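Encoded as structure tokens, the structure appears first; notes follow it.
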Amino acid sequence: MADKFDVIVIGAGPGGYVAAIRAAQMGLKTACVEKWVNKQGKTVHGGTCLNVGCIPSKALLETSHKFIDARDHFGEIGLEVGDITPNVPKMLEFKESVIAKNTGGISALFKANGVTALEGTGKVLSNNKVEVTGKEGEKETYEADNIVIASGSVPVEIPPTPLTEGLIVDSAGALEFTEAPKRLGVIGAGVIGLELGSVWSRLGSEVTVLEAMDSFLPMVDQAVAKETQKLLGKQGLDIKLGARVTGSEIKDNEVVVKYTDSKGEQEQTFDKVIVCVGRRPYTQGVLSDDAGVKLDERGFIFVDDQCRTSVPGVFAIGDCVRGPMLAHKASEEGVMVADIIAGHKAEMNYDAIPSVIYTSPEVAWVGMTEQQAKSEGIEVKTGSFPFSANGRALANNAPDGMAKVIADADTDRILGIHIVSQHAGELIAQGVIAMEFGSSAEDLALTCYAHPTTSEAIHEAALAVDGHAIHMANRKKRK
Ligand code: FAD
Ligand code: AMP
């Protein structure tokens with residue numbers, strides 16, 4: 001038997017690596033097992049997020065956004081740039097360099113914090129043991145007082161569109177196109193589908209998004225979702241709602257996608273198709289038969305509110321457990337679990353987890369939508385404010401979008417904030433803090449905001465909850 005640890009974490013994505021660093025910071029002898037091997041054959045940390053998720057997608061979103069800004073909008077503000085062309089291979093190089101910096105950073109943090117990095121595939125055995133199988137198949141068994149499973153998730157595949165090298169790809173494949181496909185089909189109008197569709201649309205693809213549901217972004221307040229749909233449509237994304245993909249055929253190096261909509265059977269031909277129909281928990285090979293760790297009916301590792309599994313001393317966090325599949329949710333669970341293992345009281349507020357779609361403009365939200373609150377029988381009052389009435393947004397030449405505050409009609413407590421605007425992903429942090437502190441809409445309304453900032457739109461939306469927005473014509477009289 002090799003070393004004994006206080007904590008062994010399986011998986012070094014944003015859940016696992018954060019749990020490992022926090023545990024080490026708390027003075028616990030910690031190891032983290034990771035099996036991800038990059039294109040150069042090197043074991044790398046960071047998981048989906050750093051290698052094929054949040055970070056590389058944002059590198060391509062930002063570079064493609066800069067291209068559109070320079071080509072289509074710089075002239076509007078007096079900057080003549082002449083011809084500008086995207087160099088996709090160079091963009092991919094930049095993206096790879098960003099991945100390398102980020103993943104290398106995690107390895108450096110492990111060293112700095114004294115986390116032992118174990119390379120290979122970790123498997124939870126019974127009696128608090130973890131077996132690690134290395135790249136050559138060599139096995140080593142370690143003992144740990146506590147085990148944290150952070151094995152993440154993988155893309156869902158659907159039978160109508162089996163992945164086909166270079167033609168039908170998943171989100172990771174869509175980060176590798178070396179040129180913009182002429183006709184690109186995106187299956188699924190969720191967060192990832194809209195982000196990747198935006199990247200390639202900006203770089204020249206004709207993008208059609210096929211979404212089975214009739215509603216657009218049902219998790220976002222519908223006023224904000226409608227505005228988003230309008231703005232993305234104007235950019236050229238052809239978003240077809242109520243279009244369920246039922247089959248596909250490869251013909252002459254093209255993909256014919258079959259779908260049904262309200263008019264019946266349809267088909268459309270694409271040069272490439274990205275399947276973005278969600279992700280599923282990844283637990284393959286993580287649990288031995290006698291580990292005793294239970295899964296729920298959807299294949300997630302079953303955990304309580306504090307991420308304890310059915311086996312004492314074994315925790316699970318991140319995408320492999322219930323809750324939103326988001327990097328920051330995984331990381332916060334990692335911190336909570338490390339603190340619990342270190343003997344502290346810790347819990348998470350699952351009601352104040354922000355979500356962001358990094359389209360342009362960005363969509364960001366925290367808490368309930370107006371529709372959700374009403375469906376739960378909560379009486380609400382709401383305030384909205386358009387960025388076209390915000391001085392800084394106009395100065396930024398980014399007047400699109402709106403902010404909406406949803407508050408409890410009785411108590412004024414903020415139930416949700418939903419925004420579509422430039423940098424909404426940054427703006428939402430103030431909504432998260434407000435909700436974390438249990439603020440009322442009036443608390444935000446009475447807060448002094450710096451001028452000129454786009455944050456002032458949130459201030460105005462909070463003022464508008466009681467009809468007192470300053471920069472809006474049709475406001476109520478103060479009683
Ligand atoms: P993962 O990041 O999936 O990491 C799990 C790790 O465990 C992997 O490295 C895997 O190799 C390892 N592993 C699994 N089994 C074993 C084993 N047996 N032994 C050793 N290692 C193992 N989220 C956001 O919050 N913001 C975004 O902008 C965002 N954008 C995204 C864009 C795309 C294209 C995708 C695909 C995802 C995006 N996400 C985003 C989601 C985000 O990536 C995940 O929510 C996050 O990575 C989950 O973290 P995790 O630690 O639970 O799992
Ligand atoms: P998300 O779970 O946010 O990544 O979004 C995935 C989206 O894919 C959801 O909005 C689903 O409705 C959609 N979806 C799933 N299966 C299909 C299908 N066969 N055809 C079209 N859209 C689909």
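For this chain, numbers begin at 1 and follow the sequence in order. Heavy-atom basis, side chains included; hydrogens, waters and symmetry copies ignored. Every value quoted in this text rests on a predicted model; they were computed, and no experiment measured them. Counting convention: from 1, in listed order, for ligands and their atoms alike.
- Remark: the backbone N or O of G166 is paired with a side-chain donor or acceptor of K272 at under 3.5 angstrom.
- Residue contacts with ligand 2 for I158 involve side-chain atoms from C-beta outward but no N, CA, C or O (heavy atoms, distance under 4.0 Å).
- Considering backbone and side-chain N/O of T48, one or more are found under 3.5 Å from N/O of ligand 1.
- Nearest to atom 32 (C) of ligand 1 among the protein's heavy atoms is G53 C, 3.4 Å.
- Taking the six-membered ring where the residue is Trp, F5 and Y142 present tilted rings, their angle falling between 30° and 60°.
- Not one N or O on the side chain of S205 forms a donor-acceptor pair closer than 3.5 Å with the backbone of L203.
- Residue-ligand proximity, A150 to ligand 1, at heavy-atom distances under 4.0 Å covers atoms 5 (C), 6 (C), 7 (O).
- Those atoms of ligand 1 with a heavy atom of L326 less than 4.0 angstrom away are 23 (N), 24 (C), 25 (O), 45 (O).
- Only the side chain of I187 comes within 4.0 Å of ligand 2, counting heavy atoms alone; its backbone N, CA, C and O stay farther away.
- At a 3.5 angstrom cut-off on N or O pairs, A327 counts as close to ligand 1.
- Contacts with ligand 2 closer than 4.0 Å are made by heavy atoms of both the backbone and the side chain of V245.
- For atom 18 (N) of ligand 1, the nearest non-hydrogen atom of the protein is G122 O, 2.9 Å.
- Checked by atom type and distance alone, the side chain of N128 pairs as donor or acceptor with a backbone atom of A144 at under 3.5 Å.
- Every atom of ligand 1 with a heavy atom of G152 under 4.0 Å away is listed here by number and element: 1 (P), 3 (O), 5 (C), 52 (O), 53 (O).
- In the vicinity of G318, heavy-atom distances shorter than 4.0 Å reach the ligand 1 atoms 52 (O).
- Taking CZ of R322 as the start and CG of D296 as the end, the distance is 10.0 Å to the nearest 0.5 Å.
- Taking atom 11 (C) of ligand 2 as the reference point, the nearest protein heavy-atom neighbour is E211 OE2, 3.5 Å.
- For ligand 1, the atoms sitting less than 4.0 Å from at least one non-hydrogen atom of V52 are 34 (C), 36 (C), numbered in the order shown with element in parentheses.
- At the top of the distance list for atom 26 (N) of ligand 1, counting protein heavy atoms only, stands C54 SG, 3.8 Å.
- Ranking the protein heavy atoms by distance from atom 9 (O) of ligand 1 puts E34 OE1, 2.7 Å first.
- Of all protein heavy atoms, the one closest to atom 8 (O) of ligand 2 is G188 CA, 3.3 Å.
- Here the protein heavy atom with the shortest distance to atom 41 (C) of ligand 1 is M325 O, 3.8 Å.
- The closest donor-acceptor contact from the side chain of K329 to the backbone of G318 lies under 3.5 Å.
- Once rounded to the nearest 0.5 Å, the distance linking NZ of K66 with OG of S360 reads 12.0 Å.
- Note: an N/O pair closer than 3.5 Å links A212 and ligand 2 by distance alone.
- Every atom of ligand 2 is numbered from 1 in the order shown, and the set under 4.0 Å from a heavy atom of G278 is 2 (O), 4 (O), 6 (C).
- Salt-bridge annotation for E62 and K95: absent, with no side-chain N of the basic residue lying under 4.0 Å from a carboxylate O of the acidic one.
- The shortest contact between atom 14 (N) of ligand 2 and any protein heavy atom is with V277 CG1, 3.7 Å.
- The residues K404 and E227 are annotated as not salt-bridged, no charged nitrogen and carboxylate oxygen being separated by less than 4.0 angstrom.
- Of all protein heavy atoms, the one lying nearest to atom 3 (O) of ligand 2 is G190 CA, 3.6 Å.
- The proximity of C276 to ligand 2, defined as any non-hydrogen pair under 4.0 Å, is limited to the backbone.
- In this structure, R22 contributes its side chain and M336 its backbone to no donor-acceptor pair below 3.5 Å.
- Close approach to M213 involves these atoms of ligand 2, each under 4.0 Å from a residue heavy atom: 10 (O), 12 (O).
- Within ligand 1, counting atoms from 1 as listed, the ones closer than 4.0 Å to a heavy atom of S151 are 5 (C), 7 (O), 14 (C), 15 (N).
- The backbone N or O of K4 lies less than 3.5 Å from no partner atom in the side chain of E143, so there is not a single donor-acceptor pair.
- When each of F67, F270, F177 is checked for a ring-ring contact (aromatic ring centres under 6.0 Å, His included) with W200, only F177 meets the rule.
- Remark: of the listed residues H423, E426, Q430, Q430 is the sole one forming a side-chain hydrogen bond (donor to acceptor under 3.5 Å, both in side chains) with S455.
- The part of Y282 lying near ligand 1 is the side chain, judged by heavy-atom distances below 4.0 Å.
- Between G15 and ligand 1, at least one N/O pair is under 3.5 Å apart.
- Between the side chain of K135 and the backbone N or O of G41 there is at least one donor-acceptor pair closer than 3.5 Å.
- Taking every non-hydrogen atom of R244 and a distance limit under 4.0 Å, the qualifying atoms of ligand 2 come out as 20 (N).
- Every N/O-N/O distance between L175 and ligand 1 stays at or above 3.5 Å.
- Atom numbering of ligand 2 starts at 1 in the shown order; those under 4.0 Å from a heavy atom of L210 are 21 (C), 22 (N).
- At least one donor-acceptor pair closer than 3.5 Å links the side chain of E34 to the backbone N or O of W36.
- In summary, the atoms of ligand 1 found under 4.0 Å from a heavy atom of S57, numbered by their order in the structure, are 32 (C).
- The line from CG of D221 to OG1 of T228 is 10.0 Å long, rounded to the nearest 0.5 Å.
- Listed by atom number, the atoms of ligand 1 under 4.0 Å from G47 heavy atoms are 2 (O), 4 (O), 8 (C), 9 (O).
- With hydrogens left out, the protein atom closest to atom 7 (O) of ligand 1 is G11 CA, 3.2 Å, a heavy atom.
- Within the 4.0 Å heavy-atom shell around ligand 2 one finds A243.
- Nearest non-hydrogen protein atom to atom 44 (C) of ligand 1 is D319 OD2, 3.2 Å.
- K294 contributes atom NZ, which lies 8.0 Å from atom CZ of F302 (distance to the nearest 0.5 angstrom).
- Judged by distance alone, the side chain of T121 and the main-chain N or O of K35 form no donor-acceptor pair under 3.5 Å.
- Between T121 and ligand 1, no N or O atom pair is found at a separation short of 3.5 Å.
- Ion pairing of R183 with D271 is present here, as a side-chain N (NZ or NE/NH1/NH2) and a carboxylate O approach within less than 4.0 Å.
- Counting heavy atoms under 4.0 Å from ligand 1, residue S153 touches it through the backbone alone.
- Close N/O approach between R279 and ligand 1 is not found [any backbone or side-chain N/O within under 3.5 Å].
- Using modelled atom types, no side-chain atom of S355 and backbone atom of W365 make a donor-acceptor pair closer than 3.5 Å.
- Distance check, rounded to the nearest 0.5 Å: CD1 of I8 to CG of L118 gives 6.5 Å.
- Scanning all protein heavy atoms for the shortest distance to atom 4 (O) of ligand 1 gives G13 CA, 3.4 Å.
- Only the side chain of K58 comes within contact range of ligand 1, with a heavy atom under 4.0 Å; no backbone atom does.
- To the nearest 0.5 Å, the span separating CD on E249 from NZ on K258 amounts to 4.0 Å.
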